[in-house]
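Here the structure is laid out as structure tokens; the discussion comes afterwards.
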Amino acid sequence: MSENLIEIRGLKKNFGDLAVLKGIDMNIRKGQIVALIGASGSGKSTLLRTINQLEEATAGEIWFDGQLVNQDLPHRAREKHLNQLRREIGMVFQHFNLFPHLTAIENVTLAPTMLKLQNKSDALTSGKALLDKVGLADRIDHYPSQLSGGQKQRVAIARSLAMSPQVMLFDEVTSALDPELVGEVNRVMKQLAQEHMTMIIVTHDLRFAEDVSDHVVFLADGLVVEEGPPAQIFADPKHELTQSFLKQVF
Amino acid sequence: MDIQLIAKVWPFFAEAAVVTVEISVLAILLGLSIGFAAGLGSLSHNKLIRLPVRFYVSFFRGTPALIQLFLLYFGGPQVGIQLDPFEAGVIGLGVNIGAYMSESIRGAIISVDKGQTEAGRCLGLGHAQVMRKIIIPQAARLMVRPLGVNAIALIKGSAIVSTISLVELSYTAHRFISSTYKPFEMFILASVFYLLIVTVFSYGVRKVDQRVAMD
Ligand SMILES: Nc1ncnc2c1ncn2[C@@H]1O[C@H](COP(=O)(O)OP(=O)(O)O)[C@@H](O)[C@H]1O
Ligand SMILES: [Mg+2]
């Protein structure tokens with residue numbers, strides 16, 4: 001039994017003729033905080049989105065908790081398999097994707113109640129606790145349109161956490177925020193890190209990546225160019241692509 | 001303009017307007033039901049659902065409503081479908097407008113941001129669950145106006161059922177013209193009633209639209 005929660009083997013993803021992921025190998029251990037960095041267009045989002053199969057892989061294997069994620073199944077069986085898997089894989093998006101017709105607490109409790117993981121009152125109790133945890137106890141009945149970007153993103157994180165996922169995928173979750181709101185969202189991720197939530201964090205905020213992660217993966221042009229502990233990657237990058245990327249950004 | 005004549009015949013037009021309203025309301029309800037089913041069906045992943053639905057929509061949008069109505073009313077008996085003018089009117093208009101309404105509903109559904117579906121699916125919700133609780137409530141707000149446009153087109157288009165001898169507004173106008181030889185007055189009178197019905201209906205649509213936009 002491996003301690004890897006996610007194993008990615010030879011993952012390739014094409015969009016038509018465009019090869020976006022060109023053979024990715026990656027392991028993510030339970031409790032590991034992985035920062036995924038790289039230039040815009042290098043394939044970071046695509047990599048996250050193939051892990052939970054928002055995008056189908058073209059080739060290769062993705063293993064999650066001992067299960068092959070990208071199994072070739074008939075439509076119905078595949079849907080069932082993915083629904084089951086996605087409960088375990090939380091995802092937070094750059095543009096929040098909150099449900100605008102639902103209040104904060106309804107956003108958080110929708111999936112657990114619909115999937116009958118919790119009855120209404122239990123879901124409400126734990127939903128409130130989650131919103132409290134992200135600092136929004138006083139905003140539970142607000143609609144997304146009544147929240148700031150930072151608040152929206154924290155509701156989105158709480159909504160994902162409500163499924164008690166085994167891993168959280170964060171795709172540039174602070175990129176759409178005003179600079180003064182970035183901190184409040186980063187703090188929530190930092191707290192999750194301290195609680196040993198397994199996370200893959202795609203970010204352009206390299207200081208935050210260095211601060212929060214225990215493993216950094218640098219992606220360039222659909223390939224993992226270099227990976228290692230943050231201290232090494234940021235202070236002493238080996239590969240010249242990593243060096244020039246860091247020089248541009250820092 | 002023969003005001004006296006108008007004063008004499010307008011109650012018949014009012015009665016006929018009731019029939020126009022009845023047939024329109026029933027056809028709109030039928031159209032909405034078909035439109036919902038077809039709108040969702042046209043987005044199905046299953047070809048056996050999608051293709052027949054697409055065919056239905058193309059056929060009823062691509063041929064004249066008048067011919068569809070004749071096909072049903074005059075052609076129906078030949079294949080064992082016997083309908084009176086009212087039934088044929090409701091079904092003919094309803095099935096026709098259903099095709100347009102399905103496009104309005106489909107349009108509203110696909111204009112909900114794709115990120116909404118992704119967020120729902122990422123939580124482990126199935127396709128149908130996402131549709132029901134996330135997409136359709138948002139699409140509902142977007143579909144009120146286009147469905148209102150469809151419904152008003154149907155009210156005006158309901159004039160064609162006069163051709164199968166259903167005694168509604170247009171038929172009544174024609175009937176009085178043949179006895180009075182005053183087409184100007186009779187068509188003005190019919191127009192006033194159509195305009196009245198359409199105005200009331202548009203007002204209702206606007207109210208519903210404001211209501212759904214608010215909550
Ligand atoms: N759905 C798609 N269809 C076609 N091309 C896509 C799609 N999604 C991403 N791409 C392309 O794949 C490449 C990598 O995109 P992405 O994974 O979003 O990069 P990153 O997140 O690192 O900025 C880009 O060239 C992008 O245009
Ligand atoms: Mg991206």
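Below, all heavy atoms of this structure are taken into account, side chains as well, without hydrogens, waters or symmetry copies. In the text below, chain A, chain B and the rest are named by the order of the sequence lines, each starting its count at 1. Model, not experiment: these values are computed from the prediction.
If you measure heavy-atom distances from L54(A) to chain B, the contacts under 4.5 Å come from the side chain alone. Proximity to chain B is limited to the backbone of L98(A), based on heavy atoms less than 4.5 angstrom apart. With a threshold of 4.5 angstrom between heavy atoms, M114(A) approaches chain B through its backbone and through its side chain.
The candidate with the highest count of non-hydrogen atom pairs below 4.5 Å against chain A, out of R121(B), Q138(B), H45(B), is R121(B). Interface check for chain B: of the options L169(A), N52(A), L110(A), the most heavy-atom pairs under 4.5 Å are formed by L110(A).
The distance between the ring centers of F93(A) and F170(A) does not fall below 6.0 angstrom.
Side chains of N70(A) and Q53(A): a donor-acceptor N/O pair is absent below 3.5 angstrom, by distance only. Side chain to side chain, R61(B) and N96(B) fail the donor-acceptor criterion of an N or O pair below 3.5 Å.
Taking the centre and axis of the six-membered ring of F99(A), the NZ or CZ atom of R159(A) falls inside the cone set by 45° and 6.0 Å.
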*Walk me through it: do S126(A) and Q118(A) pass the test side chain to side chain donor-acceptor pair (under 3.5 Å)?*
CA-CA 9 Å; S126(A) 46; Q118(A) 284 179 310; 2.8 Å; yes

